[in-house]
Q: 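My structure is below; once you've seen it, I'll send some questions.
So that the names make sense, note that chain A is the first sequence line, chain B the second, and so on, each numbered from 1.
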Amino acid sequence: MDTAGDAARARHIAVDETEPGVLRLHLSGRWTLDAHPPSASDVFERARVSMATRVTVDTDPRLRWDSGLLIFLRGVSSAATERRMSVDFTGLPEGARRLLALASAAPAHGGAGLDGDRLSMLDRLGARAIATARTAVDALAFVGEAGVGVFRLAIGSARFRRSDLFVVMQDVGARALPIVSLISFLVGVILAYVGAMQLRAFGAQVYVADLVSVAMTREMGAMMTAVVMAGRTGAAFAAQLGTMQVNEEIDALTTLGISPMEFLVLPRMVALALMMPLLGLYADLLGMLGGAAVGVGLLHLGGLEYYERSVQAIALNDFAAGLIKASVFGVLVAVAGCLRGMQSGRSSAAVGAAATSAVVTAIVLIIVSDAAMTVLFDILHL
Amino acid sequence: MTTAIEVRNLDMMYGDRVVQRDLNFVVETGDIFVIMGPSGTGKSTLLRHMIGLVAPARGDVYYEATGLWTGDDESRQRVLRRIGVLYQEGALWSSMTLAENVALPVEEFTDLPMATVRDVARLKLALVGLAGFEDFYPPQLSGGMRKRAGLARALALDPDILFFDEPSSGLDPISSRHLDDLILELRDSLGATVVMVTHELASIFAIGTRAVFLDDEAKTITAAGNPTTLLHESGDPKVHRFLTRGREPGR
């Protein structure tokens, strides 16, 4: 009983070549995917069919089948065509025959306008190069349009909702305080530690205060805030605008005659440019507090002493340098995020790529512009 | 005929708001079962309950003897493996090619060698008329092609029951007719059961074997039966208006 059950479960193929010129395949048992259908060409190889000109396939009436059978039969069909043999599927279950006919029917609508050809290596390289050049041109156009937008904002004719501006300002300003606090406090702590290790050798620990305050105000406050904002806000801008692109929301604005540049990009850019200097200042303070925590707690400097050294070490021009950098970084983060968002393709994968690319672009721009400004400020004695 | 799905005493709620209550109906094997009703009555929500995406507030959906929510997670997964779903916009994974989309369920739930998995993907795409489009990404396709690719993915594991959420929405009349023919052909040759949410009257009358009508005011099923019979014999003026695109009864 059990063996009969097993036999029904297994697939079986009987090859019959008694009739001259005809290869007859009789299928029985279970021809399902989980029974692992055999490869049709193996069957042909084993049957030594050089003489046959026709293949007929028929099946046991109790045959159980699913896609597994269809895959095998499609294999038979193509192997037979290769060997210039005709196929006869009339002995198959009605459903299988109809599905095979359906699968071999020509596509209902051809891929009009779509080219699915595989590209060669050189073609792909060329396509990539053209795409890169186009991206660069797009980026330039975007910056130009943004410039026009800022100009129109300055003369008061830019069209966007003021409430949007405040929502974005709140989001990129107040809501960013916790993460900026944590990062800049710790950066202050790290700077103080690194400085103390070197300065202790000369017994000059007290200069830790100078080091931390100058480094934070001129450099680290603005830069760390910018990096945090690139990850937090730049990616969010790109994802948001990219999703709007997917949902055709940006198209809807355009057809209404509202410039997406003014309506979506401008408020984000303005908000970040305004909020970044404030966040930078706040980061300076927190960083110096972090330095003071190390100075007072570990180096046993007096709190007042640390404060006075810090105040002596920094002047207004240090703050000015930091604030200018922060504003520039703010604009760069916003431009990178909005640019990648507006360029995003119309799929979920494209939105993910846009967000990633926004962060990468922003961080590269931050570091490059920081280096340029540091050199420039030195020349200008700022 | 055997029972494929039975919905018993199903209440659907969004928070405190009742969407539909006390739904009772049976889908027989081989049916092309239509869930119809005005927009916003909870047709798609009912479909989401039937495919295990949303837990009902009360009642259950039974596949043969297995309740989707009364049973454990494992039995639910077993049931879900036997169904295929075509979502409204295809819901293809956009970072994968069509072949990869179709192959994913096969790779995950069978131990077939890669070559066979590829054959399965090619076969399913050929069945829906997308032979030659294996290496395309979904964003490169038209809406109708995406929908057919979604159908190929729904067919990947040879499901016994197919669910369609508004299969003809966004398709031109001819493509929509082709899709109807395809559904019919697949039902007949695979011996599958089809459950679809639609308000495309042409499809309902052309291929629907049985239907339920969800009413937006009564918040439950007010009519059930063969769509054509409902059109001629339903005493409910709302059902009649729905099936005649707003003509008053008796005109």
Side-chain angles (χ1 to χ4, degrees), chain A residues 31-42 64-78 92-119 242 245-248 344-353, chain B residues 91-98 106 109-113 115-142 144-146 148 152 155-160 172 174-175 177-179 181-182 184-192:
Chain A
W31 283 74
T32 51
L33 276 177
D34 49 10
H36 292 238
S39 134
S41 37
D42 285 357
R64 292 194 55 192
W65 61 277
D66 67 6
S67 301
L69 175 69
L70 300 180
I71 286 171
F72 173 72
L73 292 173
R74 271 159 67 87
V76 168
S77 199
S78 65
L92 291 177
E94 163 84 12
R97 244 183 313 133
R98 287 166 67 169
L99 284 175
L100 278 180
L102 196 61
S104 55
H109 308 277
L114 301 168
D115 56 310
D117 302 336
R118 289 242 166 233
L119 294 174
Q245 194 74 265
V246 173
N247 291 339
E248 300 179 321
S344 164
R346 292 170 187 268
S347 72
S348 52
V351 173
Chain B
L92 296 167
W93 299 300
S94 58
S95 56
M96 301 184 201
T97 63
L98 295 195
V106 185
F109 295 116
T110 67
D111 55 353
L112 294 171
T116 316
V117 172
R118 270 196 297 277
D119 283 343
V120 174
R122 257 201 297 273
L123 168 72
K124 305 292 165 164
L125 286 170
L127 280 179
V128 298
L130 286 175
F133 287 93
E134 287 83 2
D135 295 327
F136 280 69
Y137 285 90
Q140 294 173 288
L141 301 179
S142 72
M145 290 163 89
R146 273 206 290 274
R148 279 186 282 141
L155 292 172
L157 291 171
D158 289 316
D160 302 330
D172 66 81
I174 296 172
S175 303
R177 164 79 196 283
H178 278 307
L179 192 66
D181 292 346
L182 186 60
L184 211 54
E185 183 67 49
L186 290 173
R187 195 268 315 244
D188 291 344
S189 38
L190 293 171

Q: Does a side-chain heavy-atom distance below 4.5 Å link B/K124 with A/S67?
A: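 A side-chain contact exists here, since the closest heavy-atom pair is under 4.5 Å.
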
Q: Which heavy-atom pair separates A/L33 from B/L112 by the least distance, and what is that distance?
A: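 Here A/L33 and B/L112 meet closest at O-CD2, 3.1 Å.
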
Q: Closer than 4.0 angstrom, basic N to acidic O: yes or no for A/R98 and B/D188?
A: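 Salt bridge present between A/R98 and B/D188.
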
Q: Mind checking whether B/S94 and A/R346 have side chains closer than 4.5 Å, heavy atoms only?
A: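 They are not in side-chain contact.
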
Q: Answer yes or no: is there a side-chain heavy-atom contact under 4.5 Å between A/D34 and B/T110?
A: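 No, side chains not in contact.
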
Q: Would you compute the distance between atom CH2 of A/W65 and atom CG of B/D158 and round it to the nearest 0.5 angstrom?
A: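 Rounded to the nearest 0.5 Å, the CH2-CG separation comes out at 8.5 Å.
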
Q: What is the distance from atom OG of A/S348 to atom CH2 of B/W93, rounded to the nearest 0.5 Å?
A: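 Answer for the OG-CH2 pair, A/S348 versus B/W93, is 11.5 Å.
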
Q: Between B/L182 and chain A, which part of the residue has a heavy atom less than 4.5 Å away: side chain, backbone, both or neither?
A: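 Side chain only.
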
Q: For the residue pair B/A126 and A/A103, what are the closest heavy atoms and their distance?
A: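 Nearest pair, atom of B/A126 first, then A/A103: CB-O, 3.3 Å.
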
Q: Going by heavy atoms in the side chains, are B/R122 and A/I71 under 4.5 Å from each other?
A: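 The answer is no; the side chains never approach within 4.5 Å.
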
Q: Determine whether A/L102 and B/L186 make a side-chain contact, defined as any pair of heavy atoms from C-beta on separated by less than 4.5 Å.
A: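 Yes; the side chains approach each other to less than 4.5 Å.
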
